[in-house]
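To start, the structure itself, in structure tokens.
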Amino acid sequence: MERNLYSLKEIDTNDLISILNRASAFKNGEISHYPDRVVGNLFFEPSTRTQQSFIMAEKKMRIQNMDLYPEGSSLVKGESLYDTVRTFEAIGVDAVVIRSKEDRYYEALRGKVSIPVLNGGDGSGDHPTQSLLDLMTIKEEFGDFSGLKVLIAGDISHSRVAHSNIHIMERLGMKVHLAAPPMFQEKGRMYQDMDEILPEMDIVMMLRVQHERHEVRTVLDPLSYNRSYGMNTDRIEKMKSTAILMHPAPVNRGWEVTDDVVECGRSRILCQMGNGVFVRMAVLERALRESEK
Ligand code: CP
């Protein structure tokens, strides 16, 4: 049984469904405690939701945790990620959660460390636990995935959430549509006019404009960005009566979603965050259970 979680591309569909089922069980009150286990949380890039919901999941499972603060660690002396993780392993940590700004940082660890690595987001690469919580939220809403139409809109090229979700949603039989301004489009993908397809969509997933990953500030004005590519009350009203709005957050209010829409009736943004705790409990259990002491 695989215990790492690098990318959803590397796990089979049965494994994925079983993670979602365990997450639902945890949400419904299932208890699983690992009080003699220690998980290291290594966040080399800022995070609120992923980091804090992993910590909450660890608390609920009575897992002990250790947080690495990169600025106060030997990373500032030039120590590598590999040596840092080997250090955690050597001092007795049972698994690590890592977020890094480097795409596929986990290749430096693959096959070289014996403790499970859970990817909390790698650069613009993948964000597997975000996809899992998105899928959990969709399953709760619609019961299944096959045949659902989803629009993913915004800063596609810099989004690890888009990269994870496009792959896994298509694998689960969803029809994925993309809309993005030209500077955020990736080659080899098809883009559509948001306003044309909006009324047919079951799910509209907006993406954060990732200003920090742009070499030059290409988008200057929130109002004109929102008018062309964002979600607002006009577009909310054009959605199907059963359709939902999602966003991985943090939200740039006023840019990809206007302030009045972030918490509207169709929005599942806070529900996504809540589900994040339960999918992280499920992946922690998956990482720890095979090596029970
Ligand atoms: N969605 C998400 O990954 O949020 P954080 O960057 O706050 O963890």
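Start at 1 and go down the list; that is how both ligands and their atoms are numbered. All residue numbers refer to positions in the sequence shown, counting from 1. All figures in this text were calculated on a predicted structure; none of them were measured in a lab.
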*ligand 1 atoms in contact with Arg49 (distance to a heavy atom under 4.0 Å)*: 4 (O), 5 (P), 7 (O), 8 (O)

*May I ask you to list the atoms of ligand 1 that are less than 4.0 angstrom from any heavy atom of His127?*
2 (C), 3 (O)

*Mind checking whether Asp155 and Trp255 have side chains closer than 4.5 Å, heavy atoms only?*
no

*Please could you name the atoms of ligand 1 that Thr48 approaches to less than 4.0 Å, counting only its heavy atoms?*
5 (P), 7 (O), 8 (O)

*Heavy-atom nearest neighbour in the protein, as seen from atom 6 (O) of ligand 1, with distance rounded to 0.1 Å*: Arg99 NH1, 2.8 Å

*Which residue and non-hydrogen atom of the protein lie closest to atom 1 (N) of ligand 1, and at what distance in Å?*
Ala249 O, 2.8 Å

_Could you check whether any side-chain heavy atom of Ile138 comes within less than 4.5 Å of a side-chain heavy atom of Met169, counting everything from C-beta outward?_
yes

_For ligand 1, which is the ligand I care about here, please tell me if Ser47 has any N or O atom under 3.5 Å from one of the ligand's N or O atoms._
yes

*Does the side-chain hydrogen bond (donor to acceptor under 3.5 Å, both in side chains) test come out yes or no for Arg208 and His158, once each step is laid out?*
CA-CA 9 Å; Arg208 184 171 68 88; His158 299 97; over 6 Å; no

_Rounded to the nearest 0.5 Å, what separates atom CZ in Arg227 from atom OG1 in Thr258?_
12.0 Å

*What do you reckon, is CD1 of Ile31 surrounded by more than 12 foreign heavy atoms closer than 6.0 Å?*
no

